S.K.: 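The structure follows.
Protein chains get the first letters and strands the later ones, always in sequence-line order, with residue 1 at the start of each. Everything quoted here is computed from the prediction, not taken from an experiment.
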Amino acid sequence: MAGSDRTPTWIVVGRTAEGITAARVDDAGAEIDRRAVADVTAWVGAVEAAAAPRWVWNDTPSWYDPLLAAGVRVSRCHDLRLSHAILRDSADVTDATALRAATEWDAAASDTTDVAPTLFDLDTTPGSALPDALDDVLAEFHRQRTALDAAGDRGRLRLLIAAESAGALVAAELRAAGLPWDAAAHDALLTEALGPQSAPGGVPRELERAAARVRDALGDPGVSLDSQPKLLRALHRVGVLAPSTSKWELSEYDHPAIEPLLEYKRLARLMSANGWAWLAEWVHDGRFRPVYVPGGVVTGRWASSGGGALQLPRQLRGAVRADPGWVLVVADVAQLEPRVLAAMAGDTALADAARGRDLYAGIVERGTLQTRAEAKIAMLGAMYGATTGDSGRLVPALRRSFPRAMALVDEAARVGEDGGVVTTRLGRTSPPPSMQWRAAQARAGEPDATEGDESRARRWARDRGRFTRNFVVQGTAAEWALAWLADLRGRLAALPPVSEPDAAPRSGTAFARHAHLALFLHDEVIIHAPAGQADAAAHAAVEAAQTAARLLFGTFPLDFPLDVRIAATAQKD
DNA sequence: TTCCCTGGCGCG
DNA sequence: AAAGCGCGCCAGGGAA
């Protein structure tokens, strides 16, 4: 790149007739220059090492997966697809007309489950339906800058977009590195519970035994236990008049078939969700590599696709096992959502109850409720909008003790019921109500509306109220977690690489010698680190939590304490 | 045959 | 204990 000696803050990449082309853009948004890049991987690696710009691209996995595969990491990016979705809907953006018109940017992300990303290969079609021509990419970048410049609170939106984009980098890196998974330990666990692996189509011994006990007790040797209607009929025939076959319904009944049936369900679940088939499909070379989907949930939480990364069963945590000479650092945030609620509401009473201790214990100490269990279900009920049962009964006590926090969620619910939108701490805004929803509300207001019209409108309004009530808390918690991840990622990358690669490094070239994130689960991370860096990694997680709190809530006096464990496996007690 | 819905259960 | 938020996945079963 000739000319300017200024550090290029932004480098926008896309296709032109010359191939992959990079345009440097200054802080004012003006293009400085552009150049065609033949060897993208080598060039990005060199520029990153020299200047660490913010890479601007249409979609992170399309660009970053091949870079990671070649061992190249970048520190910062601006993911146009994710940023588009945030800006398009944000209440802070006063005029989103241009963004809403650019519907091609609403296209789905590239499907990273396909092997062999093709973006660098000009002869094949791109792996994503998103625009990738440099001029289109620059135009979208410009639209987003314009929207941001005019935004009511551009500071927080910039923070959100940076955090969201950092999350996209983390997601790609998590997949590239993988979660260390001991297939032999997993197999042993399955064999212990189910008996030895059966031939294809066969039923493992313990599953068969439980099934036989159920059929015995039901006096029906042929009944199918996997078909809900058939099972329900069989239960009714022997006098178990449960309304469904859910385990919490069944456990209410006293019949010899219940205990083996619950056992059968437990084993069948293990077999179908995380059995040998799952192991063969998802664990290769000692690594579980799920697909994370940043921004996949309306609230801003991540989703996952394939392998059920975000449902890692407690039962299987023992199979998560560090490589020889390495350890796992498992860190999770205690009571993230109620802390987030206290901080965003500025509720000093709730913050006092939470500071430096278990939040629920603090509520009990304060005399608001009698037991920790009560405090917990009351708090969940307040955030989820419970109206009945134990939870609904206990919420009023919280309302008296923590009026500011409760007013925040109550107001979010009211706005949602009225058809309005609500916004998280950093400016992510809930989607507006659907046409169907609005039509139902309008219908109920007409003079000839039926009882049914009215009750449906009320029910849908309350449903939406519970959604917006929870959106502000869950969404802000997701932002806290993104900020935590982003900062932690940087701290881990700054640790020195270990001098000798592990005997058989399996984490991909970019991670074989570095402490790296290996799992993210809403309020928990697992770090895979060389044993000698375990303490440093744990320390980094704690410090990153403090940074995240400061970033979102400034000096509000509330901590976000972490539970940190250093061990060979990810087993929880 | 394929597609979509439901029930059920795992996770936060 | 099973009400109240957000997900993904599996199996069965009916629709297309």
S.K.: Is the count of non-hydrogen atoms from other residues, nucleotides or ligands lying under 6.0 Å from A/Glu249 atom CD greater than 12?
M.R.: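 More than 12 heavy atoms, drawn from other residues, nucleotides or ligands, come within 6.0 Å of this atom.
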S.K.: Using whole Å, what does the distance between atom C1' of nucleotide C/dA3 and atom CD of A/Glu252 come to?
M.R.: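 One finds 13 Å between C1' of C/dA3 and CD of A/Glu252, rounded.
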S.K.: Tell me the interatomic distance from A/Leu261, atom CG, to B/dG8, atom C1', rounded to whole angstroms.
M.R.: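 Atom-to-atom, A/Leu261 to B/dG8, this comes out as 12 Å.
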S.K.: Does A/Thr245 make a side-chain N or O approach to OP1 or OP2 of B/dG8 shorter than 4.0 Å?
M.R.: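 Answer yes for this pair, as a side-chain N or O of A/Thr245 is under 4.0 Å from OP1 or OP2.
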S.K.: Rounded to the Å, how far apart are A/Lys376 NZ and C/dA2 C1'?
M.R.: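 From A/Lys376 NZ to C/dA2 C1': 14 Å.
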S.K.: Can you see if the side chain of A/Lys265 gets near the phosphate of B/dC9 - specifically, an N or O under 4.0 Å from OP1 or OP2?
M.R.: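 Result: yes.
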S.K.: Does the side chain of A/Ser246 get closer than 4.0 angstrom to OP1 or OP2 of B/dG8 through an N or O atom?
M.R.: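 Yes, within the criterion.
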S.K.: Does A/Met344 form a side-chain contact (heavy atoms from CB on, under 4.5 Å) with A/Phe556? I'd like the steps, not just the answer.
M.R.: CA-CA 9 Å; A/Met344 69 191 296; A/Phe556 185 76; over 6 Å; no
S.K.: Looking at CG of A/Leu261 and CZ of A/Arg215, how far apart are the two atoms once the value is rounded to the nearest 0.5 Å?
M.R.: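 One finds 11.0 Å between CG of A/Leu261 and CZ of A/Arg215.
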S.K.: Is the CZ atom of A/Arg565 crowded by more than 12 outside heavy atoms at less than 6.0 Å?
M.R.: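 More than 12 within 6.0 Å, yes.
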S.K.: How would you summarise protein contacts on nucleotides 6-16 of chain C per nucleotide, using B for base, S for sugar-phosphate only and - for none, with heavy-atom distances below 4.0 Å?
M.R.: BSBSSSSS---
S.K.: Indicate, with yes or no, if the rings of A/Trp278 and A/Phe288 have centres closer together than 6.0 Å.
M.R.: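 Yes, ring centres under 6.0 Å apart.
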S.K.: Please state how far atom CD in A/Glu417 lies from atom P in C/dC5, giving the value in whole angstrom units.
M.R.: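 After rounding, the gap between these two atoms is 12 Å.
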S.K.: Considering only atom P, compute the distance from C/dG4 to B/dC5 and round it to an integer number of Å.
M.R.: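 Comparing P positions in C/dG4 and B/dC5 gives a spacing of 23 Å.
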S.K.: Would you verify whether the NZ or CZ of A/Arg321 falls within 45 degrees of the ring axis of A/Trp181 while also being under 6.0 Å from that six-membered ring's centre?
M.R.: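 No; the conditions do not both hold, so A/Arg321 does not lie above the ring face of A/Trp181.
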S.K.: Is the positively charged end of A/Arg456 above the ring of A/Trp460, judged by distance under 6.0 angstrom from the centroid and angle within 45° of the axis?
M.R.: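 Satisfied, under 6.0 Å and within 45°.
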S.K.: Base, sugar-phosphate, or nothing for A/Arg469, non-hydrogen atoms under 4.0 angstrom?
M.R.: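 Contact class for A/Arg469: none.
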S.K.: Take the protein atom CG of A/Leu250 and the nucleotide atom C1' of B/dG7, then report the distance between them rounded to whole Å.
M.R.: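 Atom CG in A/Leu250 sits about 12 Å away from atom C1' in B/dG7.
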S.K.: Nearest-Å distance, CG (A/Leu312) to C1' (B/dC11)?
M.R.: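 From A/Leu312 CG to B/dC11 C1': 9 Å.
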S.K.: Once you round it to whole Å, what is the distance between P of C/dA2 and CZ of A/Arg393?
M.R.: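 The answer, rounded to whole Å, is 12 Å.
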S.K.: If the test is side-chain contact (heavy atoms from CB on, under 4.5 Å), which one of A/Asp347, A/Leu341, A/Leu350 qualifies with A/Arg404?
M.R.: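 When side-chain contact (heavy atoms from CB on, under 4.5 Å) is applied between A/Arg404 and each of A/Asp347, A/Leu341, A/Leu350, only A/Asp347 qualifies.
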S.K.: Rounding to an integer number of Å, can you tell me how far A/Tyr292 OH sits from B/dG12 C1'?
M.R.: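 Taking OH of A/Tyr292 and C1' of B/dG12, I get 13 Å after rounding.
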S.K.: What's the closest nucleotide to the side chain of A/Thr388 if the choices are C/dA2, C/dC5, C/dA3?
M.R.: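 Comparing C/dA2, C/dC5, C/dA3 against the side chain of A/Thr388, the answer is C/dA3.
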S.K.: So how far is it from A/Met379 CE to A/Leu398 CG, rounded to the nearest 0.5 Å?
M.R.: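 It comes to 5.0 Å.
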S.K.: Identify, between A/Asp390 and A/Ala386, the residue whose nearest nucleotide on DNA chain C lies closer to the 5' end.
M.R.: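 In this pair, the answer is A/Asp390.
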S.K.: Verify the ring-centre separation between A/Trp302 and A/His522: is it less than 6.0 angstrom?
M.R.: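 Not under 6.0 Å, so no.
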S.K.: If pairs are Watson-Crick or G-U with both distances under 3.5 Å, what is the dot-bracket string of DNA chain C, marking crossing pairs with [ ] and pairs to another strand with |?
M.R.: ....||||||||||||
